[in-house]
Novice: 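Structure in structure tokens, see below.
From a predicted model like this one, the values you see are computed outputs, not experimental measurements. For reference, positions follow the sequence shown, starting with 1. Read the numbers this way: they start at 1 and go in the same order the structure lists the ligands and their atoms.
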Amino acid sequence: MIELTYARADSVDDAVRRAADGQGRYLGGGTNLVDLMRETVETPSTLIDVTGLSREIAPTAAGGLMIGAAARNTAVAEHHAVRSGYPMLARAIVAGASAQIRNMATVGGNLLQRTRCSYFYDTEGSRCNKRSPGEGCDAIEGFNRSHAILGASAACVATHPSDMCVALAALDAIVHLSSRSGARTVALCDLHRLPEDRPDVETVLEPGELVTAVQLPASDLAAHSTYRKVRDRSSYAFALVSVAAALEVAGDAIVDARVALGGVAPKPWRARRTEDVLRGRTATEATFLEAADAELAHARPLAGNVFKVELTRRTVAAVLGQLSEGGRR
Ligand SMILES: Cc1cc2nc3c(=O)[nH]c(=O)nc-3n(C[C@H](O)[C@H](O)[C@H](O)COP(=O)(O)OP(=O)(O)OC[C@H]3O[C@@H](n4cnc5c(N)ncnc54)[C@H](O)[C@@H]3O)c2cc1C
Ligand code: SF4
């Protein structure tokens, strides 16, 4: 039996004050953290329940949306302004987990869920630099079919598991944070770190820093967007490859594009090289494949996941093809 203190925060200030000693963890829906505690990967002495904080989804003065960090994933996916203005986000959320888990999971918890690398969860028999820095990584020479092809390091090849974050990366979402030093914002694309030689340091958050909200900027482009997830089975499976994309086409010319990838990197992967190739070019399959190749030229697959390079290439081209068919003006 492990002793544990539970506290329910009644305000942002209350939450960050309770987290000040660095011994606690914020508790959202608990769908990831409680599993990690059961496996003794995480052993916090205090759980600070933040589900009573803001879960409001409201328009901003600038025409975007502000989503409270305690909003449940289901509430975000079903919100009319998300479905009409940011369809890739609604689709990404619905592609994740199961209805029961989405009903529990919060936006804050989804952002900060940890990798599903099976060696990371195996505290008894596997070496893992993310869990025990300096110990080694059994995935690199092991079963690495689901691991990263972009952005990994010699210390860690795990992927970030979130579907929602892939859409948020493509949408240029802004994450609002609070700590005892005050409030600040970080672009979603800058929230998660690449592993380099410290895979245990996964985000730019300071100890005890709380996610309070996620802001979606106003975007006409986002209304013409989608999310496609390729996985081994149609539910309860994390992405082998996923693509969040938005495309604006005038005549045959691509005016603007947003592309982010999931299942292939240690963080939600904004495919800026792909976007750079697309802008101003003719919307053809050859252009879409060339754009995917520009990003994948940097891929470093492992023995078990070479297939992901071609799978990503084809999925990017298919999603862009689908958007270009429906999005000409
Ligand atoms: C069987 C199963 C299948 C799944 N499949 C998918 C899938 O296909 N796609 C997918 O994207 N996800 C999937 N998930 C993961 C699921 O989306 C996450 O578990 C969930 O989003 C986490 O949200 P939560 O609120 O429950 O977080 P919690 O488990 O409560 O917390 C997760 C982490 O976030 C931290 N945290 C929580 N709130 C805050 C906050 N406001 N500020 C700072 N830190 C905070 C916690 O301290 C903890 O470290 C699956 C999970 C399960 C169990
Ligand atoms: S890939 Fe990362 S999370 Fe998985 S075993 Fe290696 S160090 Fe641990």
Novice: For the side-chain contact (heavy atoms from CB on, under 4.5 Å) test, which of T274, V316, L278 pairs with F288?
Specialist: L278
Novice: Please work out, at 4.0 Å between heavy atoms, whether the side chain, the backbone, both, or neither of A70 comes within that distance of ligand 1.
Specialist: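 A70 to ligand 1: no contact under 4.0 Å from either part.
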Novice: Regarding ligand 1, does G28 bring an N or O atom to under 3.5 Å of one of the ligand's N or O atoms?
Specialist: yes
Novice: Under 4.0 Å, heavy-atom basis, I'd like to know which part of S98 is in contact with ligand 1: side chain, backbone, both or neither.
Specialist: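 Near ligand 1, S98 shows nothing, with every heavy atom at 4.0 Å or more.
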Novice: Of all the atoms in C117, is at least one N, O or S atom closer to atom 4 (Fe) of ligand 2 than 2.8 Å?
Specialist: yes
Novice: Could you pull out, from Y236, Y26, F238, the option with a heavy atom nearest to atom 1 (C) of ligand 1?
Specialist: Y236
Novice: Starting from atom 6 (Fe) of ligand 2, what is the nearest protein heavy atom, named by residue and atom, and what distance separates them?
Specialist: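 The closest heavy atom on the protein side is C137 SG, 2.3 Å.
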Novice: For ligand 1, which atoms, with element, lie under 4.0 Å from some heavy atom of P161?
Specialist: 9 (N), 10 (C), 11 (O)
Novice: Where does A155 meet ligand 2, judged by heavy-atom distances below 4.0 Å: at the side chain, the backbone, both, or neither?
Specialist: backbone
Novice: Which residue from N32, T212, V211, L205 reaches closest to atom 42 (N) of ligand 1 through any of its heavy atoms?
Specialist: V211
Novice: Please determine whether a side-chain nitrogen of the Lys or Arg among R127 and E135 lies less than 4.0 Å from a carboxylate oxygen of the Asp or Glu.
Specialist: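 No, R127 and E135 are not salt-bridged.
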Novice: Could you tell me whether any N, O or S atom belonging to C156 is less than 2.8 Å from atom 6 (Fe) of ligand 2?
Specialist: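 No, C156 does not qualify, because none of its backbone or side-chain N, O or S atoms lies under 2.8 Å.
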Novice: Could you find the nearest protein heavy atom to atom 5 (S) of ligand 2 and give me its residue, atom name and distance?
Specialist: Y119 CB, 3.4 Å
Novice: Only heavy atoms count here, so choose which of L112, T106, L177 is nearest to atom 43 (C) of ligand 1.
Specialist: L112
Novice: Closest by any non-hydrogen atom to atom 53 (C) of ligand 1: pick that one out of V16, D49, I101.
Specialist: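 Comparing heavy atoms across V16, D49, I101, the nearest one to atom 53 (C) of ligand 1 lies in I101.
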